[in-house]
Amino acid sequence: MNIALLGYGRMGKTIEEIAENRGHKIVLKISDDIENHDLKDKNIDVAIDFSIPKAAFKNITTCFKNNIPVVSGTTGWLDHYEKARKICNEENSAFIYASNFSLGVNVFFQLNQKLAEMMQGLEDYKVDIEEIHHTKKLDAPSGTAITLAQQILEENSRLKGWQLDDADEDEIPIYAKRIEDVPGTHAVTYDSPVDKIEITHTAKSRQGFALGAVVAAEYLKDKTGIFTMKDVLADLFQN
Ligand SMILES: NC(=O)C1=CN([C@@H]2O[C@H](COP(=O)(O)OP(=O)(O)OC[C@H]3O[C@@H](n4cnc5c(N)ncnc54)[C@H](OP(=O)(O)O)[C@@H]3O)[C@@H](O)[C@H]2O)C=CC1
Ligand SMILES: O=C(O)C1=N[C@H](C(=O)O)C[C@H](O)C1
């Protein structure tokens, strides 16, 4: 498969290594405005975007307009997600966005949803989310922490939203810590006067995120439409 890397930083480089080990070819790497690059004549099968929040929307939709399916893991641009979906559908292209491509985190998402369902009637427990990342991260809270909060909100009608740091009684506080070189840690805690329930996912490196993104790209090639990591995992475990 011929892959274009939109963003060639920490994740782009890790994806390159994993994709090549799986027999794919990197035919384009960009770290600047996509308009400076010719997307034609490179036989790009899939573009993988791990860039920066302010570039993601343009990167993704330019690919749709050039009939190139896109896997995007860039966080911090989701105000424009619905518009990107619309353009994808109009252009008959294909798209997978995930705040976290790691297979382990996608299991953790299922665990979080189940736990939220079990805890929604237990009013003595206060829930919060903590995320820890390296000091170079541009956005806070992390995209993964926002996904975790959204899953809890779907199950708990007493909670109205999430807030970074100081939250109201009916909001989920998300605490974002920045510590040098931490690849990504997420914890969801339910605290009551008598006990505490915690679930944590700790990434040991970026390899898990990168592998998930390459597996998603393999899934997306030759498809049309909008997909999620749930579709990718269902396909993976079926085969
Ligand atoms: N969904 C997931 O599983 C994961 C998501 N992420 C997310 O992926 C994104 C990238 O993370 P990471 O690799 O650590 O960040 P880096 O800062 O290491 O990489 C971002 C790269 O994008 C480049 N860039 C700048 N402008 C553009 C542009 N217009 N088009 C394309 N590339 C551009 C930067 O170049 P330069 O340095 O020259 O400015 C840099 O090389 C972040 O949003 C992060 O949150 C990260 C890990 C996992
Ligand atoms: O910026 C990172 O590094 C990461 N970003 C993603 C996020 O914002 O959730 C995923 C992962 O935790 C690493």
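Indexing begins at 1, ligand by ligand and atom by atom, following the structure's order.
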Query - Close approach of Gly76 to ligand 1, heavy atoms, under 4.0 angstrom - result: no
Anything under 3.5 Å between an N or O on ligand 2 and a protein N or O? List each pair with its distance, or write none.
residue  : atom   : partner : partner atom : Å
ligand 2 : 1 (O)  : Lys137  : NZ           : 2.9
ligand 2 : 3 (O)  : His134  : NE2          : 2.8
ligand 2 : 5 (N)  : Lys137  : NZ           : 3.1
ligand 2 : 8 (O)  : Lys137  : NZ           : 2.7
ligand 2 : 8 (O)  : Gly143  : N            : 2.9
ligand 2 : 9 (O)  : Gly143  : N            : 3.3
ligand 2 : 9 (O)  : Thr144  : N            : 2.8
ligand 2 : 9 (O)  : Thr144  : OG1          : 2.5
ligand 2 : 12 (O) : His133  : NE2          : 2.6

Requested in this report: Among all protein heavy atoms, pick out the one at the shortest distance from atom 44 (C) of ligand 1; state its residue, atom name and that distance to 0.1 Å.
Outcome: Thr75 OG1, 3.7 Å
Query raised in the report: Please state which protein non-hydrogen atom is closest to atom 2 (C) of ligand 1 and give its distance, to 0.1 Å?
Result: Ser99 O, 3.4 Å
Query raised in the report: Can you check whether Glu180's main-chain N or O pairs, donor with acceptor, with Thr135's side chain at less than 3.5 Å?
Result: no
Query - Salt bridge present between Glu16 and Lys13 (N-O < 4.0 angstrom) - result: no
Query raised in the report: Which atoms from ligand 1 have a heavy atom of Tyr8 less than 4.0 Å away?
Result: 41 (O)
Report task. If you have a sec, work out which protein heavy atom is nearest atom 36 (P) of ligand 1 and how many Å separate them, to one decimal? Result -> Ser31 O, 4.5 Å
Query raised in the report: Quick one: which ligand 1 atoms are inside 4.0 Å of a heavy atom on Ala55?
Result: 28 (C), 29 (N), 30 (N)
Report task. Return yes when Lys137 approaches ligand 1 closer than 4.0 angstrom through a heavy atom, no otherwise. Result -> yes
Report summary line: If you scan protein heavy atoms around atom 46 (C) of ligand 1, the nearest is Met11 CG, 3.6 Å
Query raised in the report: Using the ring of each side chain (for Trp, its six-membered ring), is Phe227 parallel, tilted or perpendicular to Tyr219, with breaks at 30° and 60°?
Result: perpendicular
Query raised in the report: Would you say the side-chain atoms of Ser93 pair up with the backbone N or O of Asn89, donor to acceptor, closer than 3.5 Å?
Result: no
Requested in this report: May I ask you to identify the nearest protein heavy atom to atom 31 (C) of ligand 1, giving residue, atom name and distance to one decimal place in Å?
Outcome: Asn59 ND2, 3.5 Å
Query - Contact (N/O only, under 3.5 Å) between Phe50 and ligand 1 - result: no
Report summary line: For Ala98, the ligand 1 atoms with a heavy-atom partner under 4.0 Å come out as 1 (N)
Report task. Look at Glu82 together with Lys86 and state whether they make a salt bridge at an N to O cut-off of under 4.0 Å. Result -> no
Query raised in the report: Do other residues, nucleotides or ligands put more than 12 heavy atoms under 6.0 Å from Lys83 NZ?
Result: no
Report task. Below 4.0 angstrom from a heavy atom of Asn100, which ligand 1 atoms are there? Numbered from 1 as shown, please. Result -> 1 (N), 2 (C), 3 (O)
Query raised in the report: How are the rings of Phe95 and Phe64 set relative to one another: parallel (under 30°), tilted (30 to 60°) or perpendicular (over 60°)?
Result: perpendicular
Report summary line: atom 6 (N) of ligand 1: closest protein heavy atom, distance to 0.1 Å, is Gly73 O, 3.7 Å
Query raised in the report: Do Asp32 and ligand 1 have an N or O pair less than 3.5 Å apart?
Result: yes
**Report entry** Protein heavy atom at shortest distance from atom 19 (O) of ligand 1
**Finding:** Gly9 CA, 3.4 Å
**Report entry** Short N or O distance, Phe101 and ligand 1, threshold 3.5 Å exclusive
**Finding:** yes
Requested in this report: Run the numbers for me: atoms of ligand 1, each under 4.0 Å from some heavy atom of Gly7, listed by number.
Outcome: 22 (O), 31 (C), 32 (N)
Query raised in the report: Counting distance only, does the side-chain N/O of Asn106 pair as donor-acceptor with the main-chain N or O of Asn100 below 3.5 Å?
Result: yes
Query raised in the report: Does Arg10 reach ligand 1 with a nitrogen or oxygen that is under 3.5 Å from one of the ligand's nitrogen or oxygen atoms?
Result: yes
Query raised in the report: Between the main-chain N or O of Phe109 and the side-chain N or O of Gln151, is there a donor-acceptor pair closer than 3.5 Å?
Result: yes
Query raised in the report: Are the side chain of Glu155 and the backbone of Ile152 linked by a donor-acceptor contact shorter than 3.5 Å?
Result: no
